[in-house]
There are 4 protein chains.
Amino acid sequence: MKLPIRVSEESREPLYHQIETQLQSLIVSGKLPPGTPLPSIRALASELSCSVITTRKAYQNLEGRALIKTIQGKGTFVKEVEKQRKEDTKQQLIVSAFLKAVEQADQVGSTQAEMKSLFNQALLQYFDNKINKSKGGKEDE
Amino acid sequence: MKLPIRVSEESREPLYHQIETQLQSLIVSGKLPPGTPLPSIRALASELSCSVITTRKAYQNLEGRALIKTIQGKGTFVKEVEKQRKEDTKQQLIVSAFLKAVEQADQVGSTQAEMKSLFNQALLQYFDNKINKSKGGKEDE
Amino acid sequence: MKLPIRVSEESREPLYHQIETQLQSLIVSGKLPPGTPLPSIRALASELSCSVITTRKAYQNLEGRALIKTIQGKGTFVKEVEKQRKEDTKQQLIVSAFLKAVEQADQVGSTQAEMKSLFNQALLQYFDNKINKSKGGKEDE
Amino acid sequence: MKLPIRVSEESREPLYHQIETQLQSLIVSGKLPPGTPLPSIRALASELSCSVITTRKAYQNLEGRALIKTIQGKGTFVKEVEKQRKEDTKQQLIVSAFLKAVEQADQVGSTQAEMKSLFNQALLQYFDNKINKSKGGKEDE
DNA sequence: GTGGTCTAGACCACT
DNA sequence: GTGGTCTAGACCACC
């Protein structure tokens, strides 16, 4: 199965971290249900044209956080996780993302009212953009 | 003049980048009006107990983005920037921070309604925290 | 691959700038096509017997002008640039060099006719000199 | 007398050098004939709003090259220079400016034919620009 | 191996 | 005093 993962060499974020967070999102959002087999580190590496070291690091980190499980000779699988824990992780990810953004806004002297307005603006912009992309069909390749 | 800049050695964010973004915030928020002389790279370095090279890199990057101007033998100054451009930069910084957060939320399968609710939650949390800190007097530890 | 770069310690021009402009010339002239891996900052530093910091600064400035791309852990590469943009940059470099010279000539009260004549003189002198050097074999000392 | 000297803080060229070369141009071009009194270092400094140290350095360098002469208690004057020497200096300045430009052009792989064409282009551009400026009256202040 | 950050000095050029 | 350049190391993160 081909994972919907996109990495960018341009980004300052390390490759392994891009993979890691995207996989995490897929898991806690339920898009990859427990038991789902993940591609082998070699397969994923070739798909993303990166080094196996990189994919292995991503898998290792996820395994360390008990989100996936590697079974010798069989492969790597999404681990059984309590629904509640998934919900919590999800919410925590979102809130901390928002907190970071709010902090940034506060630093440049934005008021709460402004933030609310700009947040709605960002929301609209994001989903508009998303819809347009899907309407246009595949915009990539 | 002493700048309200705080750096953390713990953070994974490079020192020079911490300085850079904080200075940028001070400038676009208008807290440092055009023409304001910034502390010399040496003074700032000793104040933050870091190397001159580090402060210099921060200043240099800001100069590259036309926010400050350094003159050999004279010092470094906040550049004259149109008020409009400052507003734009500010707003752009905030919206892009929010966009990033929204993208993250979307990736884990959050709905717009959920995002709004969690955003308000983050907002409250942030400002509550801020008020408590300032009430307590010591904002450190 | 060994780059045809020569630096002079005598020159008042900063080392990193000598490297920078020579690399730029090699890139916009097409001698280093897009994708070409540049020597690592350490390799180049040892080749030119200068500090790593110096080569890094040159690379960094070129990256800032979108001529090269550096990727953590992989190396530094000539960026994909439109042929047109390369042509433009090249021509712009030349014209601005000539403009500067013409301005200088005008300031000392030279007429257009004089300038044309002296320009041709300079042209001859330059290429004569160049040919003699290459004929002689040793172009140093 | 007010000298037609313009300095720019933005330029990477040192202030004292900007003053020095502009004065030199005025002298060898004959716009400041021998015996002309120059403004005092203090007057010039205040006119250009720079430090007296800066203007003194410019005057000292010119005196070192025997283009001006300072007489204690009387002031600074353009020195008597042989017409021939002025001509030579002038020509030398121009040719070396052109040589530098040609070298730059050669480095980016320009042919002699191209250079000639681009030189003419630069010439036209420069004088067009100059005429337009003077037609428009004072474009400054 | 690669680049990224940082230190603690140094010397020079400019104002 | 200021900034500009540079050295010769160091340690870390990434591939």
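Residue numbers begin at 1 in each chain, while the letters A, B, ... track the order of the sequences. Remember, it's a predicted structure, so these values are computed and weren't measured experimentally.
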Quickly work out the [X] [atom1] to [N] [atom2] distance and round it to whole Å.
X: B/Leu48; N: E/dC6; atom1: CG; atom2: C1'; value: 14 Å
X: A/Leu44; N: F/dC15; atom1: CG; atom2: P; value: 13 Å
X: B/Ile41; N: E/dC6; atom1: CD1; atom2: C1'; value: 15 Å
X: D/His17; N: E/dA13; atom1: NE2; atom2: P; value: 13 Å
X: C/Lys69; N: E/dG4; atom1: NZ; atom2: P; value: 14 Å
X: D/Ile19; N: E/dT15; atom1: CD1; atom2: C1'; value: 11 Å
X: A/Gln18; N: F/dC14; atom1: CD; atom2: C1'; value: 12 Å
X: D/Glu13; N: F/dG4; atom1: CD; atom2: C1'; value: 16 Å

| D/Lys100, NZ: over 12 other non-hydrogen atoms inside 6.0 angstrom |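 Atom NZ in D/Lys100 is not packed in, count stays at 12 or less.
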So, OP1 or OP2 of [N]: does either fall under 4.0 Å of a side-chain N or O from [X]?
X: B/Thr54; N: E/dT7; value: yes
X: A/Tyr16; N: F/dC15; value: no
X: C/Ser51; N: F/dA8; value: no
X: B/Tyr59; N: F/dG3; value: no
X: C/Arg12; N: E/dC14; value: yes
X: B/Lys57; N: E/dT5; value: yes

| message | Does the structure show a Watson-Crick or G-U wobble partner for F/dT7, both distances under 3.5 Å? Name it, or say none. | response |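 Paired with E/dA8.
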| field | 5' precedence on DNA chain E between B/Lys74 and C/Ile71 (nearest-nucleotide basis) | value |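 Closer to the 5' end of DNA chain E: C/Ile71.
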Proximity to the side chain of [X] - top-ranked nucleotide from [options]:
X: C/Thr70; options: F/dG3, E/dG3, E/dC6; answer: E/dG3
X: B/Ser40; options: F/dA13, F/dG3, F/dT5; answer: F/dG3
X: A/Ile53; options: E/dT15, F/dC15, F/dC6; answer: F/dC15

| field | Step-by-step side-chain hydrogen bond (donor to acceptor under 3.5 Å, both in side chains) determination, B/Gln60 to B/Arg56 | value | CA-CA 6 Å; B/Gln60 214 167 266; B/Arg56 189 162 182 275; 2.5 Å; yes
| query | Is there a donor N/O on one and an acceptor N/O on the other, under 3.5 Å, for the side chain of B/Arg56 and the base of F/dG4? | reply |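 It does not, because no donor-acceptor pair links the side chain of B/Arg56 to the base of F/dG4 below 3.5 Å.
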| query | Which residue, C/Gln72 or B/Ala43, contacts DNA chain F at a nucleotide closer to its 5' end, judged by nearest heavy atom? | reply |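 Upstream on the strand: B/Ala43.
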| message | Taking the basic N atoms (NZ, or NE/NH1/NH2) and the acidic carboxylate oxygens, is any pair closer than 4.0 Å for C/Lys74 and A/Glu9? | response |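 Yes, charged N to carboxylate O under 4.0 Å.
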Any sub-3.5 Å donor-acceptor pair from [X]'s side-chain atoms to [Y]'s backbone N or O?
X: D/Glu20; Y: D/Leu62; value: no
X: A/Ser8; Y: A/Ser11; value: yes
X: C/Thr76; Y: C/Thr70; value: no

| message | Taking any heavy-atom pair under 4.0 Å as a contact, classify C/Cys50: base, sugar-phosphate, or nothing. | response |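 Answer is sugar-phosphate: C/Cys50 comes under 4.0 Å of backbone atoms only.
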